[in-house]
Protein chains: 2
Amino acid sequence: MIRILIAEDQRLLRGALASLLDMEEDMEVVGQAGDGQEALDQILSLQPDVCLLDIEMPVITGLEVAERLKAQMAACKIIILTTFARPGYFERAVKAGACGYLLKDEPSEKLAEAIRRVMAGHREVSPELVFGSFRQENPLTARERDILRLIAEGRTANEIAATLHLSHGTVRNYISETLNKLSAKNRIEAIGIAEQKGWL
Amino acid sequence: MIRILIAEDQRLLRGALASLLDMEEDMEVVGQAGDGQEALDQILSLQPDVCLLDIEMPVITGLEVAERLKAQMAACKIIILTTFARPGYFERAVKAGACGYLLKDEPSEKLAEAIRRVMAGHREVSPELVFGSFRQENPLTARERDILRLIAEGRTANEIAATLHLSHGTVRNYISETLNKLSAKNRIEAIGIAEQKGWL
DNA sequence: CAAAAAACATGACACTTGTCACCTTCATTC
DNA sequence: GAATGAAGGTGACAAGTGTCATGTTTTTTG
């Protein structure tokens, strides 16, 4: 019997997947979580064989859950289940030791089979990721990312300088460098590009 | 037997919902669509009793599908099924004659029951929408919306003036008025606010 | 250890943005 | 028919943005 935990913030999808997987004779959904923290707690206490992790969840993301599980050397196999085929996400998932990276665009019939294959020791990755230019790694430094995130919230260079205890000019230098790296002509375009690539 | 069509672009959720609803003795999923155009075509040819429409789909949105069905006086009952409790979306859905507006955050068990209640002539709306300040209607004019959409793509005032055949100053006047209406301090904040409210 | 990369800074320049006052035209509405 | 509001416009000003050259100081890494 494969013991499964599902972490997904949309209750409708979570419930539907749980019903679907519970119908398989060799599977049992032992827990469900609606945010990352809940997922982490339940995985550590229930010790499922495998967990399905959505990435964009409240409190902590699925990628962070995976990274923390790896740090604690948890035995639970990890399958990331997400809408986004973003290079940055995929790279982080691989580094965090995920055994699978499936897109929510996959047909539902394939899910159970993918779980069985992962339990058999294989790696399962949606075809869109296998080809595709997933070898683009994040060109932004930590500081540049911090600043771009604040820009995305609508903060101005002056405000960012104040909150980060930097000079006005330094902030603008970082932004200029970021625009250059992303080939964006202004902040707004840069935000779009970074979000789309999963670099934020 | 209630004949159902599901329009949802995420194959995983679409498939899972179809399996779930097909298990109910009084329901039958007669069609599935992955984008708005497909949904519209299938509803007109298959004549289901009720359709579940996601809003953010490729080609045309679920709201547009609803509006076109209303214009053609189609008999099919409409249930909007979306992630977003945005006031602007809800208002458009009601105007398009939708019988239900459910959030994907609803527990999956409630879905079948909601469909039955809609078929019995009731209106089904997720509780978050019933209360909540959904009575905020879009303060932006058509022109202001057009321009804000272009801003969100990263276009500058000059570029927008060129594509819309307006003067540079006029574009900036519209933007200024938009910022004022949304109480935003700059374009980026304005985009965030408008998106969050469903006014874009 | 030396080189490279990251972090932080200054000053200057041109361009873009946001604001404001004020003006016209046209369609809708009371 | 006067009032309102949407659409379009001008010009001017202050503030914000993006670029560049150039510099110092740590931290990382081959």
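Letters A, B, ... are given to chains in the order of the sequence lines, protein chains preceding strands, and every chain is numbered from 1.
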Practice prompt. Look at the side chain of B:His168 and decide which nucleotide, out of C:dT17, C:dA12, D:dG8, has an atom nearest to it.
Written response: C:dT17
Item to complete: Write down the distance between CZ (A:Arg172) and P (D:dA15), rounded to a whole number of angstrom.
Response: 14 Å
Worksheet item: Cut-off 3.5 Å, side chains only: do A:Glu106 and A:Ser126 have a donor facing an acceptor?
Response: yes
Worksheet item: So, is B:Tyr174 close to the D:dA7 phosphate, meaning a side-chain N or O under 4.0 Å from OP1 or OP2?
Response: no
Worksheet item: With a cut-off of 6.0 Å (strictly less than), are more than 12 heavy atoms of other residues, nucleotides or ligands near CE of B:Met73?
Response: no
Fill in: First encountered from the 5' end of DNA chain D, between A:Ser176 and A:Asn158
A:Asn158
Worksheet entry | Criterion salt bridge (Lys or Arg N to Asp or Glu O under 4.0 Å) against A:Glu113, the qualifying member of A:Lys110, A:Arg116, A:Arg117 | A:Arg116
Fill in: Value in whole Å for how far the C1' atom of C:dT17 lies from CD of B:Glu189
15 Å
Worksheet entry | Nearest-nucleotide pick for A:Ser167, side chain only, options being C:dT10, D:dT17, C:dT17 | C:dT10
Worksheet, complete the sentence: Taking for A:Thr156 and for B:Lys181 the nucleotide of DNA chain D with the nearest heavy atom, the one nearer the 5' end belongs to B:Lys181
Worksheet, complete the sentence: To the nearest angstrom, the CD1-P distance between A:Ile175 and C:dA9 comes to 14 Å
Worksheet entry | Whole-Å distance separating the CZ atom of B:Arg155 from the C1' atom of C:dT17 | 17 Å
Worksheet item: Nearest to the side chain of A:Arg143, which nucleotide is it out of D:dG18, C:dA7, C:dA21?
Response: C:dA7
Worksheet entry | Of the listed nucleotides D:dG16, D:dG18, C:dT10, the one nearest the side chain of A:Thr170 | C:dT10
Worksheet item: Separation of B:Leu140 atom CG from D:dG5 atom P, in whole Å?
Response: 16 Å
Worksheet, complete the sentence: Rounding to 0.5 Å, atoms CG (A:Leu164) and CZ (A:Arg155) come to a distance of 13.0 Å
Response to the item:
B:Glu177 atom CD is separated from D:dG5 atom C1', nearest whole Å, by 11 Å
Worksheet entry | Whole-Å gap separating C1' (C:dC8) and CD1 (A:Ile160) | 15 Å
Item to complete: May I ask you to verify whether the side chain of A:Asn173 and the base of C:dC8 hold a donor-acceptor pair under 3.5 Å?
Response: no
Item to complete: Just call it for A:Thr141: base, sugar-phosphate, or nothing, with non-hydrogen atoms closer than 4.0 Å on any strand.
Response: sugar-phosphate
Practice prompt. Round to the nearest Å and state the distance from A:Leu164 atom CG to C:dC8 atom P.
Written response: 8 Å
Worksheet item: Going from CZ on B:Arg3 to CE on B:Met119, what distance comes out if it is rounded to the nearest 0.5 angstrom?
Response: 10.5 Å
